[in-house]
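Each residue takes its place number in the sequence, starting with 1. The figures here come from the full heavy-atom set of this structure, side chains too, leaving out hydrogens, waters and symmetry mates. When a ligand or atom number is given, it counts from 1 through the structure's own listing order.
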Amino acid sequence: MNLHVRRRSWRRLAPLGVGVLLLVPAASGATAQPLDRPDVFGEWTQPFEEGGARVARCVPAEDGTGFVVCKPTAQAAAVLPDGRVFYYNGLESWENAQHTTFTSAAPSSRDSQARVLDLRSGTPEFTIPTPPGGGQPNPNIRPGHRSTDDPAGMAGVPGRPGDGLVGSAWGSLGGPAHDPTSPPDDTAANDADMFCADLIALPDGRILVAGGTDWYNEPALLDRGDGDPIDAGVGELEGLRSARLFDPATDSFSAAAPMTYGRWYPTLVELPDGKVLVASGVTKLIKDTQGSQVRRTETFDPATNTWTENYVGPASENTLPLVARLVLAPNGKVFYPAVGQMWGPFGQSVDEALFGLQQFFDPATKTWEVTGMAPLGARSGASVVPLLMAPPYDTMSLLTFGGTLGPPPGADLALPISTLTTVDAVGDVTNTMTGSLHHRRWYPSGVLLPDGTVLGVGGADKDEVIDPGTEIAVKVPEIYDPATGQWTEAAAHTRDRTYHNSALLLPDMRVLLGGHSPLASHYAGANQDQGPPFANNDKDPSFEVWSPPYLFRGERPQITGAPAGVAYGERIMLRTPDAAEITSVVLLRTPSPQHVMDPDQRGLSLAFTRTGPETLEVVAPPDGSAAPPGNYYLVINKEHPDGPVPSVARIVHVSTQSDPAEALQPFPDHAPAPTGGSATPDEDTSTAGRTQPELAIVPAVALAAASGPRTKRRRYSEHGDRS
Ligand SMILES: [Cu+2]
């Protein structure tokens, strides 16, 4: 079968009830074409959400505040060792804000609610963890304290060494350290927000959530929480020192030790020994007077529940943007490719010109080293995805796509630029251009797929933090093929997925797309949907699942035996009735993205030999630099003329320890995409958004129900060309 799709035109039909667009071939085709081509574009499920469409998205709160409580959206998410999905909200309770964001968002905000989504049965099920907000309020709060009680803390200066440029300069002059914040003892409901923390899967499968937000007005002039008719003051988001651990065995949170530095929008990345590095983040976002983000890193040891500050001298400090993209490189050092989120607001730094420098952090020496200026300088809101690595894992290529250019405040318009940055085992770094996106997009998610291609999905055409509401959602995902260096479009998803979207590879090798928590249009309080021509900036708690084209190439291979624990360098035996047809064996780290950043995302193709009609001998990764310890998807790919066909994953634990027990397979072989569930209706009310070209494919059953053709035409050529 040849997947070469010749030039053709398509006609789009009217939306179904929930706004799904349909795609049918033009009547002018010489031969009848299939109505949908999931083997080329993949296929999305209908959106579904907690409680379904029959449960209102927002209901009155029971606490007597007059607030509403809304279903959380997956701003951050992680696949758990049992195959379920942990997620939590962003901008919780902004539906209750009044007036402008800058005066009312902070007192209206509440701690983000977490959920666990279970798709293993094929029907979405949702669980509420204990406590739902994760806990661990700002440890800097003193009882009865008002911000004005500590003017130096409220001013944010001088601070302490490492808090920022000012604190470090002050410390070098010998000045006495002073806490850079003065958080008020206001409502306790928003002192522990996981929003703007980073999350990471520890080697044992627990999820560490470090940092986050304490919301308050500073000064607070009027406060509904104190009985005043309105909120008035100047909003502040204090970066939390707090850290929490989510245990999937009990669906509950517990305290982790707090960090030394408060961090809002930090980055967590796992090191070769299973410890976790934290970098960047800011102590106070809005009235930041430190002149930069936190300049020192800390390392978390899960075995002792302790953070250790990494400081041996000035070379231990660095200036990085918010949510700086970091990745563990083949040389065992942490690489910063000069990508982050440049516009907070106000994530500016006085030395932000240095954000364009590519650098390594060496965990052994605890120092930074610059490798050079990134050719395009600093990039904001782009996605960074390591391509599949091959033995001996001495080279890693990072695909960086989308985003905007320039240090803060950066540009407004997103770009279609894609680059490859290659880092090798001796620390050499090279940068090259690769194929451009078809849709320029800020804030796309990037998902490495088991066939080595990368899904770029979601985002908007502008940096919507600059003027929220003016963005246009990009609903057509794209697939990058490293073999050709080209992107091809995929089937469009239904809902806007702009700021705070998240996309994860599920154990069945489908992609879960969720999250959409944009800022209020023009920072104008709760009235998030201001109607056309501006985008509907309501949050969206729904999910959609994409079945990639490789699931429409016939029977999938099966893993019938795999060890639960894989030790570095060992040879393991896999059982599969498809041994003769297996072309690759891959390991993919279980995902944990937030703010379209997953520093631990990585995939390794493993060397293997066929040792029998139903057995493969597979060579495990050599060490923690190639594969940091933790849970991975183990997947086998079967040969097919149109491209590899992956199995459903076994979840294996990679570390220094073997475990011959049978590895868990959370999803059954040959399971269809999840069915059941529904979502409250939503629509993009931006004028431009409604007229943007779209390509969407839905199952034939929905197609049969369609009526009322629309006549918009669009031409496509050579989709999915793999010849
Ligand atoms: Cu954010």
Discussion item. Tell me how many protein N, O or S atoms are within a distance shorter than 2.8 Å of the Cu ion (ligand 1).
Written reply: 3

Discussion item. Any salt bridge linking E317 with R296? Criterion: basic side-chain nitrogen under 4.0 Å from a carboxylate oxygen.
Written reply: yes

Worksheet entry | Ionic contact status for R224 with D231, cut-off 4.0 Å | yes

Discussion item. Do the side chains of D540 and R495 get close enough for a salt bridge, i.e. N-O under 4.0 angstrom?
Written reply: yes

Worksheet item: Is the closest basic N to carboxylate O distance between R441 and D461 below 4.0 Å?
Response: no

Worksheet item: Does a side-chain N-to-carboxylate-O contact under 4.0 Å join D251 and R84?
Response: yes

Discussion item. Taking the basic N atoms (NZ, or NE/NH1/NH2) and the acidic carboxylate oxygens, is any pair closer than 4.0 Å for R295 and D351?
Written reply: yes

